Amino acid sequence: MTHPAIQLPTLIAHRGYSAAAPENTLAAVRAAHQSGAKWVELDVQLLGDGTPVIWHDADVARCSNGRGELATMTWANAQCLDTGSWFGDGFSGEKMASLEAMLALLNELEMGVNMEIKVNKGRDPIALVDRALPEMLSTLPPERLIISSFNASALSHCRQFASKEQLALGVLFGSVPNTWRAQCEAVEAFSVHPHWPRLKRTQAEAMHRDGYHILCYTANDPSAFHSRWEWGISSVITDEPAAFKRFLDSH
Ligand code: G3P
Ligand code: MG
């Protein structure tokens, strides 16, 4: 055995079904499940008091009714926020999800997760991995977990907790650098996660040839993406899993 026996889905709902529900919330994961998605992509980071939470930005201004940096917030502060009303009245009262609550929901729904270790500017990748990774490894089976990050230190530190047989790691890229292969080899990566509009066909074909699964983010226009499938792409990370599925089913 090499990597965990992950059945990669064609579509992964980005930040949950973030076109239909407030991103990175329990509601967004439930919406993804209802739409038929089997996997979600989520972002994990730490509050100032060390609590791992599911959140993308460094602060809460965009996705809540409050203000403040995660780095200075306690769990009690965070639970005072409404993280649903900004998206729509039907979601008022939604709360920031702890990693613990999110993992429980993923297990209840038997969903897989591509968990992005989100290292925002000035934050410590090691502290984040130390706090969040053991909880994920002990809660989810290896077949339903991919840990991804743009941050090389975070990925290397993850690899120290678990071998490639026990944990699938994904390397995130904006523009794919010439060093992509060395970066993947350094962490014994399972997958490469490029920003799809910047990925070149020659790069994708080399990744595929080398045995890496390719998970492209964030594609929301299935017809614009369509020609890329033959490059050897395994999965698309999308805000619009239902629309993408409708398109694929009809082509
Ligand atoms: O994991 C893919 C994608 O989520 C990376 O970018 O900014 O949406 O977290 P971002
Ligand atoms: Mg992300």
Side-chain angles (χ1 to χ4, degrees), residues 6 8-26 28-29 31-32 37-46 52-63 70 83 86-87 96-97 99 102-103 106 111-123 125 128-129 132-133 136 140 144-155 158 167-177 180 183-184 187 189-199 203-204 207 212-221 225 228 233-241 244:
I6 292 172
L8 273 176
T10 307
L11 301 172
I12 298 175
H14 184 235
R15 309 182 193 172
Y17 187 170
S18 57
E23 64 179 58
N24 278 320
T25 61
L26 300 175
V29 172
K38 303 270 188 275
W39 279 65
V40 288
E41 186 267 1
L42 299 168
D43 304 286
V44 66
Q45 51 180 317
L46 298 184
V53 293
I54 305 302
W55 201 256
H56 179 276
D57 295 355
D59 63 44
V60 299
R62 184 175 62 88
C63 297
L70 261 72
T83 62
W86 71 275
F87 188 87
M96 185 185 287
L99 174 64
M102 187 59 85
L103 293 174
L106 291 166
M111 293 184 84
V113 64
N114 162 20
M115 189 67 81
E116 181 184 344
I117 304 282
K118 180 60 83 184
V119 186
N120 282 316
K121 200 165 173 216
R123 304 301 304 276
L128 172 52
V129 170
L133 186 64
M136 292 190 268
L140 295 177
R144 286 200 278 115
L145 177 64
I146 299 170
I147 298 285
S148 61
S149 191
F150 289 103
N151 188 289
S153 306
L155 289 174
C158 287
L167 173 63
L169 292 179
V171 184
L172 269 159
F173 292 115
S175 285
V176 175
W180 70 265
Q183 290 190 51
C184 289
V187 297
F190 167 80
S191 50
V192 187
H193 302 204
H195 183 226
W196 81 269
R198 291 186 269 180
L199 179 65
Q203 295 170 328
M207 291 164 179
Y212 296 108
H213 298 282
I214 308 172
L215 282 60
C216 284
Y217 73 92
T218 302
N220 292 327
D221 179 344
F225 189 83
R228 306 313 203 264
I233 310 302
S234 294
S235 308
V236 159
I237 301 168
T238 177
D239 300 325
E240 297 273 7
F244 231 108

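One-based numbering, in listed order, for ligands and for the atoms of each. Residue numbers count from 1 along this sequence. Everything quoted here is computed from the prediction, not taken from an experiment. No hydrogens, no waters, no symmetry mates; every other heavy atom, side chains included, goes into these values.
Between the side chains of His56 and Asp43, no donor N or O sits under 3.5 Å from an acceptor N or O.
Residue contacts with ligand 1, taken as heavy atom pairs separated by less than 4.0 Å, involve Arg15 solely via side-chain atoms from C-beta onward.
Considering backbone and side-chain N/O of Tyr217, none are found under 3.5 Å from N/O of ligand 1. Every N/O-N/O distance between Asn114 and ligand 1 stays at or above 3.5 Å.
Under a 4.0 Å criterion applied to the non-hydrogen atoms of Lys118, ligand 1 contributes the atoms 7 (O), 9 (O), 10 (P). Contact atoms of ligand 1 toward Leu172: 1 (O), 2 (C) (distance under 4.0 Å to a heavy atom of the residue).
At least one donor-acceptor pair closer than 3.5 Å links the side chain of Thr25 to the backbone N or O of Pro22. Without hydrogens or angle criteria, Thr238 side chain to Ala219 main chain gives a donor-acceptor distance under 3.5 Å. Side-chain atoms of Asn151 come within 3.5 Å of backbone N or O of Ala154 as a donor-acceptor pair. In terms of modelled atom types and a separation under 3.5 Å, the side chain of Ser235 and the main chain of Leu215 share no donor-acceptor contact. Under a 3.5 Å cut-off, the side chain of Trp86 and the backbone N or O of Cys63 do form a donor-acceptor pair.
Counting only heavy atoms of the protein, atom 10 (P) of ligand 1 lies nearest to His56 NE2, 3.3 Å. Looking only at protein heavy atoms, the nearest one to atom 1 (O) of ligand 1 is Glu41 OE2, 2.8 Å. For atom 5 (C) of ligand 1, the closest heavy atom belonging to the protein is Glu116 OE1, 3.3 Å.
Ring geometry, Tyr217 versus His195: the interplanar angle falls from 30° to 60°, so the pair is classed tilted.
Not a single heavy atom of His193 sits under 4.0 Å from any atom of ligand 1. Within the 4.0 Å heavy-atom cutoff, His195 does not count among the residues contacting ligand 1.
To the nearest 10 degrees, the Mg ion (ligand 2) sees OD1 of Asp43 and OE2 of Glu41 at an angle of 110°.
With salt bridges taken as basic N to acidic carboxylate O contacts below 4.0 Å, one links Glu23 and Arg62.
When the N, O or S atoms of Glu116 are ranked by distance to the Mg ion (ligand 2), OE1 comes first.
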